[in-house]
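Data block below; observations after.
Each residue takes its place number in the sequence, starting with 1. This is a predicted model, so every value here is computed, not measured. All values below come from the heavy atoms of this structure, side chains included, with hydrogens, waters and symmetry mates left out.
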Amino acid sequence: MRKAAIAIYAASWGASTAYLAYAGAEWALAVAILAIFGLILSPVALLLTRNRSAIAGDVRKPRGEILVLLGYIAFYAFVIFGPVYGWLKDALPDGQTEEGALFLFKLLVHVALPSALIYAMRGSLASLWQARVGRGRVLLCLLLFSAALMALNAVVSPSLARLAEVRPDLGAQIGWIALSWIWMSLVAGLCEEYLFRGLLQTRLAAWSGSAMLAIALASLLFGLVHAPGLYLRGDAETFGHSPDVLQVVSYSIAVLSPVGLFFGVLWHRTRSLLLVVVVHGAMDALPFAAPLAKLFSAAS
């Protein structure tokens, strides 16, 4: 299964990156993202969690639960985060009300509804809350990977410069970065990691008997579900958007799925939902600090 997992992922990522190059799109970004998340951070995660044996979790009906989840994720990608999410954004007034309502909507579709489906099949979610490494190891991974991802964003993105335009004083900038980290841990980290790592990857591993295949497939699906939203709701300023649907799909696989590889490895080796949620929040904290500061500054 290990060779099959590597072959499936490599073929999917390679074909997608090749199409991006053919279309004159972000193929170099895809290579950089794979290098950082797939070839650097993932091995470091394996090193920090070495000597940790795999656990199977408590998936009672692997085949049935994975089929139900895959059906839900298809509905989620093409309906919920296609037209429905766009309609909801258009219907809500801009500002804090919109941000809060969209967060509640994301909790509903990422956490509540899929959990209800698992419970309806008499499944269990108990293993989601049973970390398999000690608190010291979790804290080490949390601090190291959070610092690395924030430093990466500070170097390669204009996030800090944009935040300085909104709040010039250093103390306020640090405060907004901290608030953004907390907010993005809930909005992006909790929602996405709960669904794609906690529910989907765990059931793929139980169904296939291969943790590596589960990581590869969950990562590809994690990338692919972004494609309908990028295609339907994106614009010229949105990374990954294009009128060419194949380019959008290729971007979703080549650029976004390597991020899923890293979080998939981290989840498999630690089974700490808190860890992957908070590290995911750290990845998004700097890019969203300025928009968050601007949102609340405008309200006041």
Should [X] and [Y] count as side-chain neighbours, where that means a heavy-atom distance under 4.5 Å?
{"X": "Leu34", "Y": "Thr17", "result": "no"}
{"X": "Val265", "Y": "Leu261", "result": "no"}
{"X": "Leu274", "Y": "Val138", "result": "no"}
{"X": "Tyr85", "Y": "Leu102", "result": "yes"}
{"X": "Leu144", "Y": "Val44", "result": "yes"}
{"X": "Tyr19", "Y": "Asp244", "result": "yes"}
{"X": "Leu286", "Y": "Trp181", "result": "no"}
{"X": "Tyr194", "Y": "Leu128", "result": "yes"}

Only one of Trp176, Phe103, Phe288 forms a ring-ring contact (aromatic ring centres under 6.0 Å, His included) with Trp183, so which one is it?
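Going through Trp176, Phe103, Phe288 one by one, the ring-ring contact (aromatic ring centres under 6.0 Å, His included) with Trp183 is satisfied by Phe103 alone.
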When you compare the side chains of Ser257 and Tyr9, does any donor N or O come within less than 3.5 Å of an acceptor on the partner?
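Side-chain D/A pair, Ser257 to Tyr9: present.
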Proximity of Tyr231 and His226 rings by center, below 6.0 Å:
no
Is it the case that the side chain of [X] and the backbone of [Y] share a donor-acceptor pair, with hydrogens and angles ignored and the cut-off at 3.5 Å?
{"X": "Gln201", "Y": "Gly264", "answer": "yes"}
{"X": "Arg60", "Y": "Arg122", "answer": "yes"}
{"X": "His110", "Y": "Lys106", "answer": "yes"}

[X] versus [Y], closest heavy-atom pair with distance:
{"X": "His268", "Y": "Ile215", "value": "CB-CD1, 4.1 Å"}
{"X": "Ser208", "Y": "Leu213", "value": "CB-CD2, 3.8 Å"}
{"X": "Asp284", "Y": "Ala188", "value": "OD2-CB, 3.4 Å"}

Salt bridge Glu65-Lys61, side-chain N to carboxylate O under 4.0 Å
no
Return yes when atom CZ of Phe105 has more than 12 non-hydrogen atoms of other residues, nucleotides or ligands closer than 6.0 Å, and no otherwise.
yes
Should [X] and [Y] be counted in the same cluster of Ile, Leu, Val, Met, Phe, Trp and Tyr side chains packed under 4.5 Å apart?
{"X": "Val245", "Y": "Leu20", "result": "yes"}
{"X": "Phe222", "Y": "Met212", "result": "no"}
{"X": "Val279", "Y": "Leu143", "result": "yes"}
{"X": "Leu47", "Y": "Phe145", "result": "no"}

ILVMFWY clustering at 4.5 Å (side-chain atoms), partners of Ile174
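Answer for Ile174: Leu170.
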